[in-house]
4 protein chains.
Amino acid sequence: MDTNDPPADGRPPTKRPTARGRPFSQRTEQAIIEATTGLLAERPLSEISLDDIATQARVSKASIYRRWPTKGTLAFDAFMVDFLDRQPLPNTGRLEDDLLATLRNWVSAVDRTATGRALKGLIAEVQRDPALADAWRERFIGPVRARHLLLTERAKSRGELPPGADADLLLDILFGPAYHRLLHAHLPLDESFVRGVVRAIGAAIDAGVF
Amino acid sequence: MDTNDPPADGRPPTKRPTARGRPFSQRTEQAIIEATTGLLAERPLSEISLDDIATQARVSKASIYRRWPTKGTLAFDAFMVDFLDRQPLPNTGRLEDDLLATLRNWVSAVDRTATGRALKGLIAEVQRDPALADAWRERFIGPVRARHLLLTERAKSRGELPPGADADLLLDILFGPAYHRLLHAHLPLDESFVRGVVRAIGAAIDAGVF
Amino acid sequence: MDTNDPPADGRPPTKRPTARGRPFSQRTEQAIIEATTGLLAERPLSEISLDDIATQARVSKASIYRRWPTKGTLAFDAFMVDFLDRQPLPNTGRLEDDLLATLRNWVSAVDRTATGRALKGLIAEVQRDPALADAWRERFIGPVRARHLLLTERAKSRGELPPGADADLLLDILFGPAYHRLLHAHLPLDESFVRGVVRAIGAAIDAGVF
Amino acid sequence: MDTNDPPADGRPPTKRPTARGRPFSQRTEQAIIEATTGLLAERPLSEISLDDIATQARVSKASIYRRWPTKGTLAFDAFMVDFLDRQPLPNTGRLEDDLLATLRNWVSAVDRTATGRALKGLIAEVQRDPALADAWRERFIGPVRARHLLLTERAKSRGELPPGADADLLLDILFGPAYHRLLHAHLPLDESFVRGVVRAIGAAIDAGVF
DNA sequence: TCGTAACCGAGACGGTACGTCTGGTCTTTTT
DNA sequence: AAAAAGACCAGACGTACCGTCTCGGTTACGA
């Protein structure tokens, strides 16, 4: 494989190692990301072709493939820009309130929104593209999880959680049910759902489960 | 729409209303299901084409489309045959033990198995095919949920759960984290995970969350 | 190679050996040939894409590739339909007059005409596509030559040519200069050229060269 | 048009009018020509891309386009270097012997040789690139023809040809059949062919055709 | 028993997206 | 200002897949 191939593991397009030749134009990159974001707001990823993106961005397909190995990795990067900044980390001084704010915020970001549709499409794509799956774990699930672990660390330092608590389990119980309802749409992502999940976790904490 | 079109909502192929003409051959149907199951054991749904299935089953594509409207609905039916029977309903006399057996059983069915890969592929397909999404809710999530509600009903009659308990929330907290780890593969679906989830639910029950 | 691949040596699409499955539609084939002929009348082969042809014929690219392995072989077939019938075989009773009529007819068919442009484009394509080169020799040069050999055979039976005359050489001296001027356009394909070539051949016959 | 654009009509790259800035490196030019010649010896022009040439010559594509406007004109120049010097002008004192030597020499240069393949590829390219067609006539056909006209001029001064003889026709009858067999490969370019053509021309001369 | 409706396998059909390649131009750093 | 390197746009290429349609042929019911 050529050294100038795209990252292939889904890393975002960065500067090439050698500084020789014409560098990547950041205008091109930005146009691609913006076009992708715009199209993702209109329709699901599976109904967007790379030709659509190239046309919309007034860019050649080759310029896209130079940066991203698959449609999924591109959509992933476009999604990240949108999503991550909208997930502020609360700090109420009480874990249960932090979890409530976090989950409520997540729900409002994805429930029947363009972002939510993009997220569902991406999770679908992750199941069919192993390279994207790696990027997804390492560059989405991982960083998001790391941020959320700050909440449990603070709780530990406040004594709300024991020092050795299984924070990963706690966070999966927090988000797992939410992703479940998002993906299967069998029941609404409403306020009573959010409150119920968080109260269950609170009870589990009090009972020393984690 | 022609009366002889396939069910379109994903119902399994049944007898046509009028009995005139040559009836469906059940050998054909069986061959299709078997070929699909066999291919799903080898590789993900996204890498299986309908031509592959037709060739493998020594059947024409038209015979497939006569029965199932999309690849997803066929895969869905093939999956159901495999999956449902492997999910017996426990009856230990104690809710927490029932939940433990149920989740443990689910994990052993899907964790790094062909069934698990098929399930992931199907959930992906569900996100891109609205008709399949309906079938999925009505013919998979719904029935499975109905079976599991028997567990909570029994618990209610035993007094382990209050009569008005939100059993849907309870079940989403049970399965949500498991689907989460299945789809994102960020953490293992191991025994300690299963125990933790069930213990958390037990604590929530004791605290009267549901 | 699959038995249902296109002929690959450029034979025109005929009935598949096995009569199973949906047969080739001759309407489709006709539409493709007509579209190709129409486009060849407008612009040179090198500026016609298969997408153009497919769009013009209201046919999918796959339907074209099912029949012809390359653009050149398709253009070849389209050209043949146009060209061959326009080359009647004269029969004046005197070889030199037959040759004159034949060359004059060829010139009027190709000199600054759509057919001539198509012929030039095809000869160019023949140089870059070995499969087409075979087809060209066997299905164009060969048959045309065979027809022209009738002229020399008749001349032999009339005693105008000796029985063992090298008719191939004679015909190459007849057509070679004409193709030369067609392809290089360094001098006009005018009546004096035609007369000159034929008179030279006449002189060579009289001198017993052939 | 910029004064520093390449000749555009296919003239070979020469010194720029202004002597300012870094001068053309003749090593660059030589490397390009050598790479092109080398690649033309391996495979037909149509299978050689400008990227191939640039890579092979360790030169940038821009450096090529600075000198030649199209791939065809470059190949043309590379071909000329090879070809022209190999076509010495005979001077036997007798026209028919001169023609025989000339044609025999041409045949040995192109019959199943790398030069011959390059020539065929160039003629193909000429049909699709009008600018190259002009260059081809003016810088190849023209000069070569001019040289060959020396043969007929000498013959005229010796009285072998009448003063007003149509030498162009004569030369087209000499080379036309040869190009014909080269391009269509329907019959061999062998000695009997060469002799036959020349004898036919001899007979035509004797008969006063030209 | 015979007609007919609907099945059957095979595979062509139109349409669309893919990922690669090429030609010719442009942009950067280096010489 | 030319050089090498390589990104840029535009768009053709040949392949794959989808869901439908067409063919010759085969059941099995109902008249």
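These numbers were taken from a predicted model, which means no experiment stands behind them. Below, chain A is the first sequence line, B the second, and so on; all start at residue 1.
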(Q) So, OP1 or OP2 of E:dC13: does either fall under 4.0 Å of a side-chain N or O from C:Arg67? (A) yes
Q.
For a quick test of reading the model: is some side-chain N or O of D:Ser60 closer than 4.0 Å to OP1 or OP2 of F:dA3?
A. no
(Q) Would you say that more than 12 heavy atoms from the other residues, nucleotides or ligands in this model lie under 6.0 Å from the CZ of B:Arg58, or not? (A) no
Q | Criterion salt bridge (charged side-chain N to carboxylate O under 4.0 Å, His left out) against B:Asp77, the qualifying member of B:Arg139, B:Arg67, B:Lys71 | A | B:Arg139
Q) Any side-chain N or O of C:Ser25 less than 4.0 Å from the OP1 or OP2 oxygen of E:dA12? A) no
Q. Checking only heavy atoms, does the side chain of C:Arg22 share a donor-acceptor pair with the base of F:dC21 at less than 3.5 Å?
A. yes
(Q) Has A:Asp52 got a side-chain atom pairing as donor or acceptor with A:Ser49's backbone, closer than 3.5 angstrom? (A) yes
(Q) Between the base of E:dG11 and the side chain of B:Lys61, is one N or O donor paired with an acceptor at under 3.5 angstrom? (A) no
Q.
Check this one for me: any side-chain N or O of A:Arg66 less than 4.0 Å away from OP1 or OP2 of F:dC8?
A. yes
Q.
Is there a side-chain contact between A:Ser63 and the phosphate of F:dC8, meaning an N or O under 4.0 Å from OP1 or OP2?
A. yes
**Q.** DNA chain F: 5'-proximal contact among B:Ala62 and A:Arg58 (nearest heavy atom)
**A.** A:Arg58
Q: Check DNA chain E against residues 45-54 of chain D and give the residues with a non-hydrogen atom under 4.0 Å, in numerical order.
A: D:Ile48, D:Ser49, D:Leu50
Q. Once you build an axis from the first five pairs and another from the last five of the helix from E:dT1-F:dA31 to E:dT31-F:dA1, how far apart in angle are they, to 10 degrees?
A. 10°
Q. Under 4.0 Å: is that the gap between some side-chain N or O of B:Thr70 and OP1 or OP2 of F:dG19?
A. no
Q) Would you say D:Thr55's side chain and D:Asp51's backbone share a donor-acceptor pair under 3.5 angstrom? A) yes
Q: Name all residues meeting the salt bridge (Lys or Arg N to Asp or Glu O under 4.0 Å) criterion together with C:Arg117; count only those two or more places apart in sequence or in a different chain, and write none if there are none.
A: none
